[in-house]
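From a predicted model like this one, the values you see are computed outputs, not experimental measurements. Lettering of chains follows the sequences in order, A, B, ..., and the numbering in each one begins at 1.
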There are 2 protein chains.
Amino acid sequence: MKKDILEIIKEGIKSVDPLLCINRSVRLENDILIIKEKRYDLREFENVYIVGAGKASAKMAFAMESILGDKKFEGIVITKYKHLYKTRKIKVIEASHPIPDENGIRGTKKIIELLERAKENDLVIVLISGGGSSLLVLPKQGISLEEKKKTDKLLLECGADIEEVNTVRKHISQIKGGFLAKKAYPAEVVSLILSDVLGDPIDAIASGPTSPDPTTIRDAIRVLERYDLKEKVPKSIITSFKKGETPKPKDKIFKRVSNFVIGNNKMALESSRKKAEELGYNTLLLSSYIEGEAKEVGKVLASIAKEIYYSDHPLKKPAAVISGGETTVTIRGNGRGGRNQELVLSAAIQIRDLDICIASVGTDGTDGMTDAAGAIVDGNTIKIANKKGLEAREYLDNNDSYSFFKAIDSLVYTGPTNTNVNDIQVILVK
Amino acid sequence: MKKDILEIIKEGIKSVDPLLCINRSVRLENDILIIKEKRYDLREFENVYIVGAGKASAKMAFAMESILGDKKFEGIVITKYKHLYKTRKIKVIEASHPIPDENGIRGTKKIIELLERAKENDLVIVLISGGGSSLLVLPKQGISLEEKKKTDKLLLECGADIEEVNTVRKHISQIKGGFLAKKAYPAEVVSLILSDVLGDPIDAIASGPTSPDPTTIRDAIRVLERYDLKEKVPKSIITSFKKGETPKPKDKIFKRVSNFVIGNNKMALESSRKKAEELGYNTLLLSSYIEGEAKEVGKVLASIAKEIYYSDHPLKKPAAVISGGETTVTIRGNGRGGRNQELVLSAAIQIRDLDICIASVGTDGTDGMTDAAGAIVDGNTIKIANKKGLEAREYLDNNDSYSFFKAIDSLVYTGPTNTNVNDIQVILVK
């Protein structure tokens, strides 16, 4: 089953490769660039600019280059270190993720310079993918990178959810929350988005650089108040709020902006499901909205696996249940790991001795601050670990799933995949 | 949908009524008592004794009385306060649950007196249901009820799981962990079990009074060591370990013992599923093994509902997903609530504004230390609560789901149901 499960996951990741996603949604017919249902006659545009940011942006840029061929265009995208992909004309800048660095700022400034050259009869193609939020970074004037990082740290550690974090982030940025679209105005803007956020809300993916921002400065202040951060964040943050609102839905700039989601978790799950079917499993696509504390989600997935094992419900064996989404980990220990590894470690305890195999993998090829993409377990995992003197519960309590799986050789490695549509979980039961 | 969901849950609970469960598994043909596949010729037994304990024991006793009619038998069962059901001949004793009291001890002593009268040519019918562990209580000699309660409290608060807690409990008891069967020896013993433990392990339900105990004194000591309780528990606990082991699988007494599970969560779910089908829903029996932190399980169930809502996966709308099991609540606040109420409160936050309805109910009619059996939510719940100034997250953080649902009239009340097969969750999506 381990071989099958890895093949099923690989197929899922392959199906959301930026090259495939862009080729599915974009084509050039003579001089007409057709993006989903929309047609852009390149003869009507003087210049075509391509900008973007995210873990997939280099390969997205490569894909756009391939489609545009010898048409006239230029561009700059920012990607995470080690996520390079060779392009011909579009400049790829590497920067730090998840904690932003000066390279991100330099790259963002270059993108803004390019956008400011864009005129009414120009076309700006924006390539957005997960990770873009830390790569596309330019705090409002008066806020230093250190101050922005300190604010991020406070927000991430106070218990605020990602929506709340982003509400503040958007209001201290010159590029997030629709500001990229504003810089490009009055040019025509088309944004191609690879979604790493559940339900694909375009104002949330990479903090929505080309999306109207439904949140306000008052919302941002309320978040700071709720978590007692108003006195703790650097003063420049509060001052910057006076510099004005993010672009709102009724803003005229959005009349010239089209946002298209070209790849998401659901597409990956559907491809994984098909592969599992080909391999002879009865399949169920459970949900692409999975969220919650990773180790608790692991228990629930294990409980579904157990019902199949014992009673062929909700699926007859051999069965494959495919799910995806983004779980969270509340750090209580000081070990190493990621949400995927923690999820399956918890599941392993529940499926002990049963003919069940579970894997969870980050489609971007990384899980937490580790070099693995995830891990894979089955009914023998706990037995094998015990023989080596490893107590699963202790490793789980210490958030040290990486060390656990490293010792028993159950990590899944993919390397950077140049895509990013959250996580995939696969359960196989025989 | 609220009307439908309550009907679906009611049908599930009805199907595991002790009367129905016993009538499905037990019948009398002339003088032959047929229990599942086993036949007991009453002419060969001099006396028939009926004993038992649990939330369903009074109604189980009533059911056995109805079957035995005018045959000769006598008996005693212990049930929880307010869980009485009128019997003709079998004496029903009420005692405290979940914290044991002197009435439980008195009742248990009476049951033991009865069992000690049982001879080789007698038949002992044991009626076991959830809750039996605190009702059937007699600590080993030298341990007072207060000392036993103190030990229970330490075990329940140290973070040990229920298996670990029961490992210790069995080894300080005169009745749990197979000791009831030993007291009945050399009589023939048949145990009818209504399961409230996931997967129906007979050594765990009501701490397995008629089941061989797979755990040992060494295991019990190891649990105390693991949670640093060896010095904290009363000295009498440690001393009592020297009084000998619980009955083990090879013990000759079990040659005359048969254990039958006559009702469980799965049966209730299957009946709920059928009812949902009758009401026109596409149905899925997800799992009867659901466990994990209640509010996290609520998120996962909501994520499944959302996928159905947005994409008709894994089921086409109108859809009903039925699940069951036993979640846990880690107490962090000081409010009131139960695992079912906490589960759906967490789910409510996730399904805001969507045409989804979720309920979770304890089949015994109680949820935590409240008078409600559970609660019911839909896409409007959060809106209605906000209008009344209630912040769902605050109530969740304070483990105060009961006050939340009380204020918006969304509690589910059934009163004591005289049965107990854990919890049922139903998701409806339109």
Side-chain angles (χ1 to χ4, degrees), chain A residues 159-161 164 198-200 226 264-267 269-270 273 283-315 321-328 330 343 346-347 349-351 354 391 393-394 397 425 427, chain B residues 159-161 164 198-200 226 264-267 269-270 273 283-315 321-328 330 343 346-347 349-351 354 391 393-394 397 425 427:
Chain A
D161 65 29
E164 292 173 319
L198 310 197
D200 310 336
R226 188 172 306 150
N264 61 14
N265 187 262
K266 184 71 184 301
M267 290 180 187
L269 299 190
E270 189 49 55
R273 196 196 62 72
T283 64
L284 189 81
L285 196 165
L286 185 67
S287 177
S288 62
Y289 291 86
I290 298 288
E291 57 187 315
E293 182 71 24
K295 65 178 178 182
E296 305 300 324
V297 175
K299 286 183 196 166
V300 178
L301 294 183
S303 77
I304 296 169
K306 277 156 92 173
E307 190 67 54
I308 297 171
Y309 180 81
Y310 286 115
S311 84
D312 278 326
H313 269 103
L315 275 184
V321 177
I322 319 285
S323 62
E326 182 171 357
T327 63
T328 44
T330 307
L343 186 156
S346 168
I349 298 171
Q350 308 295 326
I351 59 167
L354 307 182
E391 259 300 334
R393 276 181 214 276
E394 283 170 20
D397 289 345
Q425 293 93 35
I427 301 170
Chain B
D161 63 31
E164 292 173 321
L198 309 197
D200 310 334
R226 188 172 304 149
N264 60 15
N265 187 261
K266 183 72 183 302
M267 290 180 188
L269 300 190
E270 188 50 52
R273 196 196 62 72
T283 65
L284 188 81
L285 196 165
L286 184 66
S287 176
S288 62
Y289 291 86
I290 299 288
E291 58 187 316
E293 182 72 22
K295 65 179 179 182
E296 304 301 323
V297 175
K299 287 182 195 165
V300 178
L301 293 183
S303 76
I304 295 169
K306 278 155 94 174
E307 189 67 55
I308 296 172
Y309 180 82
Y310 286 115
S311 83
D312 279 326
H313 268 105
L315 276 183
V321 177
I322 320 284
S323 62
E326 183 171 358
T327 62
T328 44
T330 306
L343 185 155
S346 167
I349 299 170
Q350 308 295 324
I351 59 167
L354 307 182
E391 259 300 334
R393 275 180 213 276
E394 283 170 21
D397 289 345
Q425 293 93 37
I427 302 169

Problem set entry | Residue selection (most heavy-atom pairs with chain B, distance under 4.5 Å) from A/Ser311, A/Gly292, A/Ala305, A/Pro314 | A/Pro314
For this session: Please determine which of B/Leu284, B/Leu269, B/Ile322, B/Leu285 meets the side-chain contact (heavy atoms from CB on, under 4.5 Å) test together with A/His313.
Result: B/Leu285
For this session: Would you mind telling me which of A/Ile304, A/Val300, A/Ile308 makes a side-chain contact (heavy atoms from CB on, under 4.5 Å) with B/Ser287?
Result: A/Ile304
Side chain, backbone, both or neither of [X] within contact of chain B (heavy atoms, under 4.5 Å):
X	value
A/Asp161	side chain
A/Lys266	side chain
A/Glu391	neither

Seminar exercise, completed: Separation between OH (B/Tyr310) and CG (A/Leu198), nearest 0.5 Å, reads 11.0 Å
Exercise. Taking only residues two or more places apart in sequence, or in another chain, which ones meet A/Thr328 in a side-chain contact (heavy atoms from CB on, under 4.5 Å)?
Worked result: A/Glu293
Exercise. Does any non-hydrogen side-chain atom of B/Arg226 lie less than 4.5 Å from one of A/Arg393?
Worked result: no
Problem set entry | Residue pair A/Glu296, B/Lys299: steps toward the side chain to side chain contact (heavy atoms under 4.5 Å, CB included) verdict | CA-CA 10 Å; A/Glu296 305 300 324; B/Lys299 287 182 195 165; over 6 Å; no
